[in-house]
Amino acid sequence: YSINDYPCRRVIQEGLQIYSGDIQETYPTDRFKQMNIHGYVGIPLSDVEGKPIGLIALMHDTVIANKDDFEYLLPIFASRTSAELQRQLSIDALNKSRKQFKDVFDYSSVPVFLMDGNSKIISCNVALEITLGYTSEELQRFSLIDLMHPDDWIDSEVFFPSVINAGTEGFRMEGRLRHRDGHYLWTEAFISAVVDSSDTLLYIIIMIQDITEKKQAQDALVESERK
C-alpha cells in the first residue's frame with residue numbers, strides 16, 4: 001500500500017517516530033480506527049550506506065507509557081535487524097547471480113569450461129562436449145595440460161600470474177586442444193579469472209572458439225604464395 005498517508009513515510013524520511021497515543025488524530029485514516037490503534041512506534045532499517053531497506057513498526061491498542069524504553073532499545077534492535085536483513089539480501093542477490101551465470105553457462109552456444117588453480121577442469125557446458133567430443137564426466141578427469149598440444153602449453157608459473165593480473169578483463173590466446181578421436185583443433189580462447197575479496201583465485205573461466213578452418217585457410221594461403 002502507499003505510505004504517503006501513514007507514519008511509515010515519516011519514519012523512512014526522518015528516523016525514529018513515537019506516537020504515544022495520538023496516532024488516530026495525527027493520521028485520521030480508517031485503517032488505524034478499524035484496528036483500534038492508539039500508539040505507534042516506527043524506526044527505519046538501513047544498509048551500510050544509510051539507505052533505507054525497510055522499517056520496523058509497532059502498533060499498540062493502548063497509550064504508550066514507556067516511551068524512553070523504546071527510544072533506547074529500538075535503535076539497537078533495528079541495527080541488528082538491518083545487518084541480518086542486508087546479509088539475507090546479499091545471499092539472495094548472490095544466489096540469483098549464480099543462477100543467472102549457470103543458465104548462461106549451461107545453455108550458451110559458446111564452448112565454456114571452468115578450471116581450478118591446478119589446471120583441472122571442474123565444469124563445462126554442452127557446447128564444449130560437442131566441440132571436443134568428450135562427455136562432461138570425461139573432461140572433468142582432465143587438466144588443461146592433458147588436452148593442450150605440448151607445443152602450445154604456457155608454463156604454469158607464467159600462465160596463472162597472467163590470468164590473475166588480467167582479472168575479469170581477461171586475455172586471449174590461441175592453442176590446439178585434443179579432440180576425443182585424437183586430432184587437434186585450433187582454438188582461440190578468452191581467459192578470465194574469478195577471485196575473492198583478497199585476490200585469491202577461485203576459478204578460471206575459459207571460452208573457446210574453433211578456428212581450425214581459419215588456420216587451415218591461412219596455411220593454404222602461405223603454401224600457395226610459396227609456389
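Side-chain atoms are counted along with the backbone in the values below, which use heavy atoms only and exclude waters and symmetry mates. Predicted model only: the values in this text are computed from it and were never measured. If you read the sequence from its start, that first residue is 1, and numbering goes on from there.
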Discussion item. How about CD on Glu25, more than 12 heavy atoms from neighbouring residues, nucleotides or ligands closer than 6.0 Å, or not?
Written reply: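 Enclosed: over 12 neighbouring heavy atoms sit under 6.0 Å from CD of Glu25.
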
Taking C-beta and beyond as the side chain, do [X] and [Y] meet within less than 4.5 Å on heavy atoms?
X	Y	result
Met59	Tyr19	no
Arg176	Asp151	yes
Tyr203	Asp116	no
Ile43	Pro75	yes
Glu174	Lys215	yes
Thr26	Pro7	no
Thr187	Gln209	no
Leu177	Met148	yes

Could you tell me whether the side chain of [X] and the main chain of [Y] form a donor-acceptor pair under 3.5 Å?
X	Y	result
Asp146	Ser143	yes
Asp47	Gly50	yes
Lys120	Gln140	yes

Out of curiosity, [X] [atom1] to [Y] [atom2], how far, rounded to the nearest 0.5 Å?
X	Y	atom1	atom2	answer
Asp219	Trp186	CG	CH2	8.5 Å
Ile23	Gln17	CD1	CD	9.5 Å
Gln24	Met35	CD	CE	11.0 Å
Gln13	Cys8	CD	SG	11.5 Å
Phe113	Ile122	CZ	CD1	10.5 Å

Practice prompt. Would you please say whether a donor-acceptor pair under 3.5 Å links the side chains of Tyr134 and Arg178?
Written response: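 Side chains of Tyr134 and Arg178: pair found under 3.5 Å.
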
Discussion item. Within the 3.5 Å criterion, strictly below it, is a donor on Thr212 or Gln216 matched to an acceptor on the partner's side chain?
Written reply: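 The criterion, which ignores hydrogens and geometry beyond distance, is not satisfied for Gln216 and Thr212.
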
Should [X] and [Y] be regarded as members of a common hydrophobic cluster, given that ILVMFWY residues are connected when their side-chain heavy atoms come within less than 4.5 Å of each other, either directly or indirectly?
X	Y	result
Ile204	Leu147	yes
Val126	Val112	no
Ile121	Tyr184	no
Ile211	Met207	no
Ile145	Ile191	yes

Practice prompt. Show the numbers, then the answer: is there a side-chain contact (heavy atoms from CB on, under 4.5 Å) between Leu144 and Ile206?
Written response: CA-CA 10 Å; Leu144 184 59; Ile206 302 180; 4.1 Å; yes

Worksheet item: Taking it one step at a time, do Ile18 and Glu71 satisfy side-chain contact (heavy atoms from CB on, under 4.5 Å)?
Response: CA-CA 8 Å; Ile18 300 177; Glu71 289 179 341; 3.5 Å; yes

Fill in: Pair Glu188-Lys214, salt bridge (charged side-chain N to carboxylate O under 4.0 Å, His left out): steps then yes or no
CA-CA 11 Å; Glu188 180 182 49; Lys214 175 184 174 183; 5.8 Å; no

I need the minimum non-hydrogen distance between [X] and [Y], along with the two atoms involved.
X	Y	value
Leu201	Ala193	CD1-CB, 3.9 Å
Glu129	Cys124	CG-SG, 4.2 Å
Ala127	Ser108	CB-O, 3.7 Å
Leu185	His183	CD2-NE2, 3.4 Å

Discussion item. Between Tyr40 and Tyr27, does the side chain to side chain donor-acceptor pair (under 3.5 Å) criterion hold? Intermediate values first, please.
Written reply: CA-CA 11 Å; Tyr40 174 99; Tyr27 295 90; over 6 Å; no

Discussion item. Please tell me whether Phe70 and His60 form a close aromatic pair, meaning their ring centres lie under 6.0 Å apart.
Written reply: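 They qualify: ring centres under 6.0 Å apart.
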
Discussion item. Would Ile208 and Asp210 count as a side-chain contact (heavy atoms from CB on, under 4.5 Å) here? Give the steps.
Written reply: CA-CA 7 Å; Ile208 69 168; Asp210 184 354; over 6 Å; no

Item to complete: Take Ile205 and Leu114 through the side-chain contact (heavy atoms from CB on, under 4.5 Å) test and state the conclusion after the steps.
Response: CA-CA 5 Å; Ile205 303 174; Leu114 307 183; 3.7 Å; yes

